[in-house]
Amino acid sequence: MISVRRRGSARLAAACLAAGLAAVGTIAAAGPAAADDAPQTAGGVTATLGRITAGSGVVVHDRHRTAEIPAGLFEMKVDGGGSLQTYCVDILTNTVDGARYREVGAAESSLHANKDAGKIRWILQHSYPQVNDLAALAKDAGAGPLDANTAAAGTQIAIWRYSDAAQVDAKDPAAAKLADYLYKAAKDVEEPEASLTLSPPALSGKPGRKLGPVTVRTTASSVTLTPSGDAVARGVKIVDKDGKPVAATGNGGEFYVDVPAGAPDGSMSLKASGAAKVPVGRVFAGDHTTTQTQILAGSSESTVSAGATAHWTAKGAAPALSARKNCAKGGVDVTADNQGDAPFTYELAGRTHTVAPGRSETTLVKVGEDRAYRFTITGPGGLSRTFSGIMDCATLAATAAAPPAGDAAGAAPEAGEDSGAAGSGDGGTKATLASRMSPASTGGGSGKAAVRADGDLAATGGSNTTPTIAGIAIALIVAGSGAVYLLRRERASAGE
């Protein structure tokens, strides 16, 4: 006998079929960052999710049912210029069409506790699109002929087996062979460095001194340093250790913020930017949106950027404030570094904290999974720093299997902010939106397969598989979003 819940889910799937690309869910988010939002990520690339450019249907086996969903290689458009190719690493969470993503470290993503994350990186380096010679790849895998669609599907399957411990099978025999080969051959690979970071991201001190240094780590040949605000008009400069002005620097470079004696109390922000290829294996997480986490498979020359702040006061406390998501501990680490001559006292998450002169203190603010958070810290000299985002640190499979997590440290949003979990009431279900799939193109060629460690995008050309993929694209979109929704409802009802 079919339950009422199952009939309801079936009706929803039918509605999705009628609606085509219509959204079937909503997002709980903190909203766009305010103008005074402080740097909260290490830096790197920001991009917008596009369509699947190569892939095919695959079959997911859940404890209670079997369903077909689309699997393949996504394209992202980089803010400021450039393109990325990515695979997904959270099979039960749908991608949100047009979502904005930020480059993050694995520790700030659903891969933070995944002991097989290194094997996923190996798969990315040894399959499509990094290996664009599909004939050689098929030979290594002991598979039949591969095109871009079957190679992308097989690669995605192997990744999902490690990212979600999911039972996923390809419909195409060659894609199935490739998935099995990649899964069995995978070895641990170290996490790649970020495309651009500034450390530390916040400085403080007194006028008449150089604040810093800030160290630049980047894959770009050089980055430009651009200050903002009216601090420059008041004589504040970006300099090297000898006090000489610095407009650009490279990997390992250091710079300081030189505040002239007598300068009024104040703050400034600065931006480092350049062009670089993002290393394969970097993670991309939703920016203020709950959407499926992506992992980089290829990159063109893309715009990379990172920000930093500086704050100075002549007397009293001189705090530097920064924050970073800590997925291992289920919250956000907020660091206050006081380089003034008086204690710095501030309120955070309903508690009072005091940092002595010359000391630094890091406080963990607990935030429930899939919860939006936003908090502001103020200080002397008009200092105000706001940190906001969404705690998205677990795959949906892990979330559904675990008991509900509370906000132990009371990471209460400010008045008017949405504190509800995305998909609340559905076993931790996240937003469900249809991902798009389009006709794919085929790479490949003759000769020995080559692994491109620089992370280039794959070369693509025409494909005689395009009519077939185009014909099934819309069906896969609808089947995929409806099936994932049904799978998640079944998991929730079973209490997994």
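What you see is a predicted model, and the numbers here were worked out from it, not measured in a lab. Only this structure's heavy atoms are used, side chains among them; waters, hydrogens and symmetry mates stay out.
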- Item | Stepwise side chain to side chain contact (heavy atoms under 4.5 Å, CB included) check, S127 with L137 | CA-CA 7 Å; S127 189; L137 183 61; 3.8 Å; yes

Check: residues 220-229 side-chain donor-acceptor pairs under 3.5 Å, at least two apart:
unit_1, atom_1, unit_2, atom_2, d
T224, OG1, S273, O, 3.4
T224, OG1, S273, OG, 3.2
S228, OG, S269, O, 3.1
S228, OG, S269, OG, 2.4

- Query: Considering only heavy atoms from C-beta outward, does the side chain of F255 approach that of L270 to under 4.5 Å?
  - Reply: yes

- Task: Would you confirm whether S204, through its side chain, and A318, through its main-chain N or O, come within 3.5 Å as a donor-acceptor pair?
- Result: yes

- Task: Can you sort out the partners of D341 under side chain to side chain donor-acceptor pair (under 3.5 Å), two or more places apart, ordered by chain and number?
- Result: K206

- Ignoring hydrogens and angles, tell me if any N or O in the side chain of S299 forms a donor-acceptor pair with the backbone of V278 under 3.5 Å. yes

- Is a donor on one side and an acceptor on the other found under 3.5 Å between the side chain of D116 and the backbone of Y162? no

- How many angstroms lie between CG in L111 and CD in E191, if you round to the nearest 0.5 Å? 8.5 Å

- Determine, step by step, whether I159 and V89 satisfy the side chain to side chain contact (heavy atoms under 4.5 Å, CB included) criterion, reporting the C-alpha distance in whole Å, the side-chain angles of both residues, the deciding distance to 0.1 Å, and the verdict. CA-CA 7 Å; I159 290 171; V89 284; 3.7 Å; yes

- Any side-chain heavy-atom pair of D79 and T303 under 4.5 Å: no

- Side chains of V367 and I390 in contact at under 4.5 Å (non-hydrogen atoms): no

- Please list all pairs passing the disulfide (SG to SG under 2.5 Å) test where one or both residues lie in residues 264-383, with sequence neighbours left out. C327-C393

- Message: Whether the side chain of D242 engages the backbone of K244 through a donor-acceptor N/O pair (distance < 3.5 Å, no angle test) should be reported.
- Response: no

- Task: Please tell me if the side chains of L84 and F284 come closer than 4.5 Å, counting only heavy atoms from C-beta onward.
- Result: yes

- Note on the structure: Applied to residues 250-312, the disulfide (SG to SG under 2.5 Å) test, sequence neighbours excluded, yields none

- Item | From CZ (R102) to NE2 (H288), nearest 0.5 Å | 8.0 Å

- Spell out, as yes or no, whether a donor-acceptor pair under 3.5 Å connects the side chain of Q130 to the backbone of Q125. no

- Can you tell which of T291, T48, T293, T46 makes a side-chain hydrogen bond (donor to acceptor under 3.5 Å, both in side chains) with Y101? T291

- Task: Could you list the residues that satisfy side chain to side chain donor-acceptor pair (under 3.5 Å) with T249, not counting sequence neighbours?
- Result: none

- Query: Salt bridge or not for E108 and R324, using N-O below 4.0 Å?
  - Reply: yes

- Query: Taking C-beta and beyond as the side chain, do L124 and L296 meet within less than 4.5 Å on heavy atoms?
  - Reply: no

- Query: Which residue pairs pass the disulfide (SG to SG under 2.5 Å) test when at least one of the two sits in residues 187-265, sequence neighbours left out?
  - Reply: none

- Roughly how far, to the nearest 0.5 Å, is CZ of R282 from OG1 of T86? 14.5 Å

- With sequence neighbours excluded, tell me which residues meet side chain to side chain donor-acceptor pair (under 3.5 Å) with S360. none

- Do any N or O atoms from the side chain of W312 and from the backbone of P264 form a donor-acceptor pair under 3.5 angstrom? yes

- Query: Is the closest side-chain heavy-atom distance between V96 and L49 below 4.5 Å?
  - Reply: no

- Message: Do F375 and V334 make a side-chain contact, defined as non-hydrogen atoms from C-beta onward lying under 4.5 Å apart?
- Response: yes

- Between Q292 (side chain) and N94 (backbone), is there a donor-acceptor pair under 3.5 Å? no

Between side-chain atoms of residues 70-78 and protein atoms elsewhere (two or more places apart, or another chain), which donor-acceptor pairs fall under 3.5 Å?
unit_1, atom_1, unit_2, atom_2, d
K77, NZ, S83, OG, 3.4

- Sorted by first residue and then second, give each side-chain hydrogen bond (donor to acceptor under 3.5 Å, both in side chains) pair with at least one member in residues 326-338; sequence neighbours left out. N326-D333, T335-T362, D337-Q339

- Pairs where residues 352-371 contributes a residue and the test ring-ring contact (aromatic ring centres under 6.0 Å, His included) is met, not counting sequence neighbours: Y346-H353

- Query: Got T95 and Q294 here, is their nearest side-chain heavy-atom distance under 4.5 Å?
  - Reply: yes

- Task: Would you please name every residue forming a disulfide (SG to SG under 2.5 Å) with C88, sequence neighbours left out?
- Result: none

- Item | Residues D392, K325: salt bridge by 4.0 Å N-O rule | no

- Please round to the nearest 0.5 Å and tell me the distance separating atom OG of S267 and atom CG of L321. 9.5 Å

- Any donor-acceptor N/O pair, H126 side chain to I123 backbone, under 3.5 Å: no

- What distance separates L383 CG from T378 OG1, expressed to the nearest 0.5 Å? 7.5 Å

- Judged by modelled atom types alone, do T219 and S195 share a side-chain donor-acceptor pair under 3.5 Å? no

- Item | Set of side chain to side chain donor-acceptor pair (under 3.5 Å) partners for R217, sequence neighbours left out | none

